[in-house]
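Just the heavy atoms: all of them, side chains too, but no hydrogens, waters or symmetry mates, feed the values below.
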Amino acid sequence: MEAYALGPARQGRRRTRAAGSLLSQAAILLFISAFLVRVPSSVGHLVRLPRAFRLTKDSVKIVGSTSFPVENRTAQITSTGSLVFQNFEESMSGIYTCFLEYKPTVEEIVKHLQLKYAIYAYREPHYYYQFTARYHAAPCNSIYNISFEKKLLQILSKLLLDLSCEISLLKSECHRVKMQRAGLQNELFFAFSVSSLDTEKGPKPCTDHNCEPYKRLFKAKNLIERFFNQQVEILGRRAEQLPQIYYIEGTLQMVWINRCFPGYGMNVQQHPKCPECCVICSPGSYNPRDGIHCLQCNSSLVYGAKTCL
């Protein structure tokens, strides 16, 4: 998981890369020298503080300076007066108000400054390729079709092993198809996805920029295309009768798909600085499954809602 902050001083995006878990082990850096306040409402979501706001016993107060360390496991004040969030969690998303006290010069009186920041957790999109292909098949009730399906998935998985990509079967159906010249024949309809293994399922294959998920997926696509093209070439060189099960030339199709994880969505209007990000759904919206956008839900009162109650 990652996060970015929007503030009045700089509307830019600040990211932290995940390291070893879904939640970031890095930090969100905000320039603060006094203290920060986050106020959860009675229903558990974060609200914008009014101008006349005063601290109450229900407030979450983080105070720190260069000589007074922050007593909070998720935040620290650095020697330069910066507030650093560590181990950022989904529930930490929300509106933050920062109160600063400073003296421009020794002779001047203490000045006060109030800043508001909106901090959102976000994750990289879950993107993958979806392939479809058709094979001339044995009779639809034949066990040979099931054996062939398993063998095909094993071959494709082994083909992509070095790329840390995985094959997932989405659909496998056998139908009797009427052909114009050949009459009725059996055909297997395959649909499978190719996605990049994330850090949850194992270590990253390497740290080079060529190991970015989308680059590995592009290499996987080329390998799969080459595999099916080779099947056509092999069949074209056969002198004997065609096998009972074989790939039907020209039926391989592929689609690039972007999806956000449940509780996250893309919104270029609300997050113009991070349009390609799957940002955590704000209160009033939710994403129940691998969709692209957060859906409206007036009864959703938390960040990252996956249901609309």
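Cluster membership check: L160 shares its hydrophobic cluster with W256, using side-chain heavy-atom separations under 4.5 Å among Ile, Leu, Val, Met, Phe, Trp and Tyr. The cluster map of Ile, Leu, Val, Met, Phe, Trp and Tyr, joined by side-chain heavy atoms under 4.5 Å apart, puts Y303 and L295 in different clusters. F148 and I146 fall into different hydrophobic clusters, where Ile, Leu, Val, Met, Phe, Trp and Tyr residues are linked whenever their side-chain heavy atoms come under 4.5 Å apart, directly or through other members. A continuous path of ILVMFWY side-chain contacts below 4.5 Å connects Y247 to L223, so both sit in one hydrophobic cluster. The hydrophobic cluster containing I224 also contains I155, counting ILVMFWY residues as joined when their side-chain heavy atoms lie under 4.5 angstrom apart, directly or transitively.
In this structure, S164 and S196 have side chains that are not in contact, with every pair of non-hydrogen atoms separated by 4.5 Å or more. Residues H293 and S285 fail the side-chain proximity criterion, which asks for heavy atoms closer than 4.5 Å. Between P243 and I245 the shortest side-chain heavy-atom distance does not fall below 4.5 Å. For the pair N186 and R176, the minimum side-chain heavy-atom distance is below 4.5 Å. Taking 4.5 Å as the limit, every side-chain heavy atom of H126 sits out of range of all side-chain heavy atoms of P213. Put simply, the side chain of S168 reaches to within 4.5 Å of the side chain of S193, judged on heavy atoms. A heavy-atom distance below 4.5 Å is not found between the side chains of L159 and I167.
The minimum heavy-atom distance linking N145 with A137 is given by the pair OD1-CB, 3.6 Å.
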Exercise answer: donor-acceptor pairs, residues 226-234 side-chain atoms, under 3.5 Å, sequence neighbours excluded:
{"from": "N229", "atom 1": "ND2", "to": "E225", "atom 2": "O", "distance (Å)": "3.1"}
{"from": "Q231", "atom 1": "OE1", "to": "Y135", "atom 2": "OH", "distance (Å)": "3.0"}
{"from": "Q231", "atom 1": "NE2", "to": "Y135", "atom 2": "OH", "distance (Å)": "3.1"}

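Within 6.0 Å of CD in E240 there are more than 12 heavy atoms belonging to other residues, nucleotides or ligands. Counting non-hydrogen atoms of other residues, nucleotides and ligands closer than 6.0 Å to CZ of R289 gives a total of 12 or fewer. Within a 6.0 Å radius of CD in Q296, other residues, nucleotides and ligands contribute 12 heavy atoms or fewer. For K158, the NZ atom is loosely surrounded, since the number of other residues' heavy atoms within 6.0 Å does not exceed 12. Heavy-atom neighbours of L242 CG from other residues, nucleotides or ligands within 6.0 Å: above the threshold of 12.
In this structure, the side chain of S93 engages the main chain of E90 through a donor-acceptor pair within 3.5 Å. With T251 contributing its side chain and A133 its backbone, the two residues share no donor-acceptor pair below 3.5 Å. Within the 3.5 Å criterion, the main-chain N or O of C165 finds no donor-acceptor partner in the side chain of R216. Using modelled atom types, no side-chain atom of H175 and backbone atom of L188 make a donor-acceptor pair closer than 3.5 Å.
To the nearest 0.5 Å, the span separating NZ on K150 from CG on L169 amounts to 11.5 Å. For the atom pair CD of E149 and CD of Q154, the computed distance is 11.0 Å after rounding to the nearest 0.5 Å. Once rounded to the nearest 0.5 Å, the distance linking CD of E276 with OH of Y122 reads 8.0 Å. Considering CD of Q114 and OG1 of T97, their distance stands at 5.5 Å, rounded to 0.5 Å. Distance CG/N258 to OH/Y127: 8.0 Å, rounded to 0.5 Å. The NE2 atom of H136 sits 8.0 Å away from the CD atom of Q244 when rounded to the nearest 0.5 Å.
Taking the six-membered ring for Trp, F192 and F131 have ring centres closer than 6.0 Å.
Residues meeting the side chain to side chain contact (heavy atoms under 4.5 Å, CB included) test with C260, sequence neighbours left out: Y264, M266, C278, N287. Partners of F218 under the side chain to side chain contact (heavy atoms under 4.5 Å, CB included) rule, at least two apart in sequence or in another chain, are Y129, K221, N222.
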Checklist entry - Checking side chain to side chain contact (heavy atoms under 4.5 Å, CB included) for the pair N267/V279: CA distance, chi angles, key distance, verdict? => result CA-CA 8 Å; N267 191 325; V279 182; over 6 Å; no
Next on the checklist: I'd like to know whether E187 forms a side chain to side chain contact (heavy atoms under 4.5 Å, CB included) with F189, so could you lay out the CA-CA distance, the side-chain angles of the two residues, the decisive distance to 0.1 Å, and finally the verdict.
Outcome noted: CA-CA 6 Å; E187 290 189 7; F189 291 74; 3.9 Å; yes
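One side chain, Q270 or S282, offers a donor N or O that lies under 3.5 Å from an acceptor on the other.
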